[in-house]
Amino acid sequence: MKKLFVLICISTFLLSCKTPEVIINSNGSSARTNSYPSKEQVTPSASTKIDANNQASRLSIEGSLNYLASDALEGRQTGTPGIEKAAIYIENVFKENNVKPYFETYRDSFNIKDIVGYNIVGCLEGTDPNIKNEFVILGAHYDHIGTSKEVNGDSIANGANDDASGTVAVLEWAKYFAKTKSNKRSVLFTLYAAEEMGLKGSEHLAARLKSENIDLHTMINFEMIGVPRAETEILAYMTGYEKSNLAKTLNEYAGSEIIGFFPKAKEFRLFMRSDNYPFYEQFKVPAHAISTFDFTNFEYYHHVDDETEKIDFNHMTNFINKMIPALEGMINTPSKEIKMNNE
Ligand SMILES: [Zn+2]
């Protein structure tokens, strides 16, 4: 009976993607309330709001990244106290900006042997009754590898670029759409654990959402967007570029070519190597990764020096803001225009 009750509540949330009016307590009972559980005392060091011009601010980006990539989080390895701090931080950003939990809480939990991992999933319900049952998923992985080969007494792999940068980008877009309420489709803001253990978090979430049969329009995963490419190159590239019309469509809404084709992404099959892939596998809809890391512009992949000091915040701010009209256009277009190219 308890289980049935939980199922009914969950299905209500799924249909509406709204603030659950009924919050299920840990003992399975319920309480009608308009507020979320009290905030944990993890305070961002910078503004957590989008700025007055509806642009992501460098201050906010730097504040979030500084925290997520700090030594206090010990490299955010899945199952450790360090990643738990990151999870709480992400939940707090969602709460403070009125981004709702998609499930009964923000956490989508899964097990890898005796380790418990948590994807963090926030939702903004679409504003158009005709298409709000269609979902766009924006994601990044917030876990990292914990420690790596010691250099000058430092063994913490902070993962500033990989992938605190993508995580921060997703948080900024969550803040943007929460403030502007300009998403006609529903949007899930998803931060994955256990990417570094083999895409375990995204595999779990993609399978769960598939089992619930959500109508997924498209999914974009952001990986290592913290350093710029050479000036002669397009701002970012998309993995699986030729598999769908997503990059072309994003560029149209952006008003310039900000997402390009990168031959090495194809050569190294990067399409299959990050958290977009499980969504493609489950749904067979466009699900790609976008990155500005091109193997020539960052020497610290899985290195203890992947730290905040190596991040170019002007670039990150520029990238995040240039993506806003691209995402907004894609989220709001009335028809399902993003398609696999073989359809
Ligand atoms: Zn990564």
Side-chain angles (χ1 to χ4, degrees), residues 61 64-65 67-70 73-80 82-83 86-87 89-90 110 112 117-120 137-149 156-173 189-206 219-229 236-240 259 262 264-265 268-281 287-308 310-312 315-316 319-320 323:
I61 292 165
S64 288
L65 199 130
Y67 181 71
L68 292 172
S70 62
L73 274 61
E74 298 174 323
R76 305 189 306 276
Q77 188 173 13
T78 302
T80 65
I83 195 172
Y89 182 88
I90 293 164
F110 59 94
I112 306 169
Y118 300 103
N119 300 314
I120 311 295
I137 297 179
L138 305 179
H141 70 92
Y142 76 103
D143 73 309
H144 195 57
I145 58 172
T147 54
S148 190
K149 189 166 172 286
I156 298 174
N158 303 76
N161 199 10
D162 184 13
D163 189 23
S165 67
T167 298
V168 170
V170 171
L171 293 181
E172 289 298 321
W173 295 320
F189 302 93
T190 60
L191 291 315
Y192 314 112
E195 191 270 355
E196 303 286 5
M197 294 175 165
L199 315 184
K200 299 297 185 202
S202 54
E203 275 177 6
H204 181 267
L205 182 62
M219 185 277 173
I220 312 178
N221 168 41
F222 293 86
E223 265 275 16
M224 298 182 76
I225 53 93
V227 292
R229 306 179 72 199
Y237 66 87
M238 188 175 91
T239 67
I259 311 292
F262 178 44
K264 276 209 173 78
F268 297 152
R269 306 177 82 185
L270 298 187
F271 178 72
M272 302 169 67
R273 286 180 53 187
S274 192
D275 292 314
N276 54 291
Y277 190 63
F279 290 90
Y280 171 73
E281 282 283 277
H288 299 263
I290 288 176
S291 178
T292 68
F293 166 66
D294 64 10
F295 303 95
T296 64
N297 60 351
F298 192 70
E299 297 167 32
Y300 309 108
Y301 174 74
H302 285 195
H303 187 287
V304 295
D305 288 343
D306 179 1
E307 295 190 340
T308 306
K310 301 294 193 299
I311 298 298
D312 183 330
H315 157 74
M316 256 188 90
F319 172 78
I320 290 170
M323 281 302 297

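Atoms within each ligand, like the ligands themselves, are counted from 1 in listed order.
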Checklist entry - Is His141 close enough that one of its N/O/S atoms sits under 2.8 Å from the Zn ion (ligand 1)? => result yes
Next on the checklist: Regarding Glu223, does it place an N, O or S atom less than 2.8 Å from the Zn ion (ligand 1)?
Outcome noted: yes
Next on the checklist: Looking at Phe262, I'd like to know if the NZ or CZ of Arg229 sits under 6.0 Å from its six-membered ring centre while staying within 45 degrees of the ring's axis.
Outcome noted: yes
Next on the checklist: Under a 3.5 Å threshold, yes or no: a donor from one side chain and an acceptor from the other, between Tyr277 and Thr239?
Outcome noted: no
Item to check | For Val304 against Lys149, the heavy-atom pair lying closest together | outcome: CG1-O, 3.4 Å
Checklist outcome for this item: Which atom of Asp162 is nearest the Zn ion (ligand 1), counting N, O or S only? It is OD1
Checklist entry - Going by the angle between their ring planes, with limits at 30° and 60°, are Phe295 and Phe293 parallel, tilted or perpendicular? => result tilted
